[in-house]
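Okay, structure first, notes after.
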Amino acid sequence: EKFKGSSKQETMGLAVFFSEASIPALQSEANWTPNNLKPTLWLDAADLNSSGETWLDLSGNENHAKRFGSPKTIRHKPSGLSVMKYESTKNDYHEWKELNEIRTVFWLMSKKAGNFGSPLSHPSVHHFYSNGSKFWHPQHTHENVRKGSLRINGITGNASAGYPTRLSVVSLRTSGVVTASRVGKDRGFDGKYNWDGEIGELLVYDKALSDADIEKVESYLIDKWKIQ
């Protein structure tokens, strides 16, 4: 008999035994990564020692991100992993092939207080436009982003929630498709309208993930990055 996702329990006297058939399921859970949900883009700075010309896409879709300006890797002390640091005054950013069917996004991010930069951007559209220290602008942010489901470290947020100034896990399930091709520089702007902060990990999906899958990715990132 085969068992899927559960084990067969057998009791002999006071001893309880579990069928060996449950072992593959446990191993499968231990090896789980966000790639199991088939992202269109996965940028992870954790193991980078420096910011090279290209930030490799781990999704398998070859949406590799090209470096512009001088973003650099720094160490996140609680986890010991690397994050990518962007400075708005230096026009730091990474750019990849345009993704125009975005439905779910995860960031491992922090943003400098007083910065107006957006967490995703594009050369011409501003779907993820930030409202200063708050997430979404009531007019300039795309409606599908504003009306989406926002969570910060697993807690429900809204358009008026403040950006985290310490490294945090942020998730967004949009209410419809949106577009982005950059992290860092917003269109042709300079200075404070570009992202000033850190990105440790970025995952983009072209489907609306279920609540359960969103929680699974969040837990993966929170555990990996030792977010308190």
Side-chain angles (χ1 to χ4, degrees), residues 27-88 90 92-96 99 104-113 115 117-121 128 135 150-155 157 161-172 180 182-185 194-205 209 213-228:
Q27 289 175 336
S28 177
E29 285 296 309
N31 295 329
W32 188 92
T33 76
N35 245 357
N36 291 47
L37 300 174
K38 301 187 185 315
T40 54
L41 174 71
W42 183 8
L43 301 179
D44 182 3
D47 297 323
L48 299 181
N49 294 318
S50 62
S51 174
E53 292 291 327
T54 303
W55 193 355
L56 296 180
D57 171 26
L58 303 183
S59 75
N61 294 306
E62 298 188 354
N63 289 317
H64 308 307
K66 185 178 179 181
R67 182 190 67 189
F68 294 87
S70 54
K72 60 184 179 181
T73 56
I74 61 172
R75 190 68 59 185
H76 174 238
K77 291 182 179 179
S79 65
L81 304 176
S82 295
V83 299
M84 195 70 68
K85 180 175 176 58
Y86 298 87
E87 294 188 32
S88 58
K90 295 182 179 179
D92 294 340
Y93 68 103
H94 281 90
E95 185 167 35
W96 55 86
L99 302 177
T104 311
V105 187
F106 299 86
W107 295 265
L108 193 284
M109 66 147 77
S110 69
K111 183 178 178 181
K112 186 177 180 180
N115 176 247
S118 303
L120 285 178
S121 49
F128 292 82
F135 268 87
L150 178 72
R151 289 161 59 93
I152 305 166
N153 289 335
I155 299 172
Y163 276 97
T165 55
R166 297 179 61 183
L167 213 61
S168 300
V169 173
V170 175
S171 68
L172 173 70
R182 290 178 178 175
V183 59
K185 184 176 178 64
N194 297 328
W195 186 259
D196 202 325
E198 300 166 355
I199 299 288
E201 207 152 343
L202 173 64
L203 284 147
V204 179
Y205 293 84
L209 296 186
D213 283 339
I214 288 173
E215 290 175 8
K216 196 166 188 176
V217 177
E218 289 173 340
S219 294
Y220 169 90
L221 294 172
I222 287 170
D223 290 346
K224 172 180 175 177
W225 291 89
K226 300 187 180 345
I227 302 300
Q228 300 296 322

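Position 1 is the first residue of the sequence, and the numbers go up from there. Keep in mind that the numbers below use all heavy atoms, side chains included, and drop hydrogens, waters and symmetry copies.
Inspection of the Thr33 and Asn35 side chains reveals no N or O donor paired with an N or O acceptor under 3.5 Å.
Interatomic distance, His76 NE2 to Lys85 NZ, rounded to the nearest 0.5 Å: 13.0 Å. Separating the CH2 atom in Trp195 from the CZ atom in Arg182 is a distance of 15.5 Å, to the nearest 0.5 Å. For the atom pair NZ (Lys111) and CG (Leu167), the distance works out to 15.0 Å, reported to the nearest 0.5 Å. For the atom pair CG of Leu48 and CG of Leu81, the computed distance is 10.5 Å after rounding to the nearest 0.5 Å. One finds the CG atom of Leu221 at 11.5 Å from the OG atom of Ser79 (value rounded to the nearest 0.5 Å). Here the CD1 atom belonging to Ile214 is positioned 5.0 Å from the CZ atom belonging to Phe106, to the nearest 0.5 angstrom.
Contact record, Ser88 with Asn194: CB-O, 3.3 Å, taken as the closest heavy-atom pair. For Ser121 against Lys185, the heavy-atom pair with the smallest separation is OG-O, 2.8 Å. When all heavy atoms are compared, the tightest approach of Leu56 to Leu43 is O-CD2, 3.7 Å. The shortest heavy-atom contact between Glu218 and Ser171 is OE2-OG, 2.7 Å. Among all heavy-atom pairs drawn from Ala161 and Ile152, the shortest one is CB-CD1, 4.0 Å. Nearest heavy-atom pair across Leu41 and Asn63 is CD1-O, 3.3 Å.
Side-chain N or O atoms of Asn115 include one that pairs as donor or acceptor with a backbone N or O of Asp196 at under 3.5 Å. In this structure, the side chain of Asp92 engages the main chain of Ser70 through a donor-acceptor pair within 3.5 Å. With hydrogens and angles ignored, the 3.5 Å screen pairs a side-chain donor or acceptor of Ser51 with a backbone N or O of Pro71. Counting only distance, with no hydrogens or angles, the side chain of Thr104 and the backbone of Leu209 share a donor-acceptor pair below 3.5 Å. When atom types are taken as modelled, the side chain of Asn153 and the backbone of Ser168 share no donor-acceptor pair closer than 3.5 angstrom.
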Derivation of the side-chain contact (heavy atoms from CB on, under 4.5 Å) call for Tyr163 and Val170: CA-CA 9 Å; Tyr163 276 97; Val170 175; over 6 Å; no
Might you work through the side-chain contact (heavy atoms from CB on, under 4.5 Å) test for Trp96 and Leu202, ending with a clear yes or no? CA-CA 12 Å; Trp96 55 86; Leu202 173 64; 3.7 Å; yes
Could you please spell out the steps behind the side-chain contact (heavy atoms from CB on, under 4.5 Å) verdict for Glu215 and Arg151? CA-CA 10 Å; Glu215 290 175 8; Arg151 289 161 59 93; 3.7 Å; yes
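The shortest side-chain heavy-atom distance between Val217 and Val169 does not fall under the 4.5 Å cut-off. Contact annotation: the side chain of Asp57 approaches that of Trp42 to within less than 4.5 Å [non-hydrogen atoms, C-beta and beyond]. Within the 4.5 Å cutoff, the side chain of Tyr220 has no heavy atoms near those of the Asn36 side chain.
Of the residues His64, Lys66, Met84, Arg67, the one that meets the side chain to side chain contact (heavy atoms under 4.5 Å, CB included) test with Trp55 is Met84. The side-chain hydrogen bond (donor to acceptor under 3.5 Å, both in side chains) with Tyr86 is formed by just one residue from the set Lys72, His94, Glu198; it is His94.
In this pair, Trp107 and Phe128 present their aromatic rings perpendicular. The plane angle is above 60°, beyond the 30 to 60° band.
The number of heavy-atom neighbours closer than 6.0 Å to NZ of Lys224, taken from other residues, nucleotides and ligands shown, is above 12.
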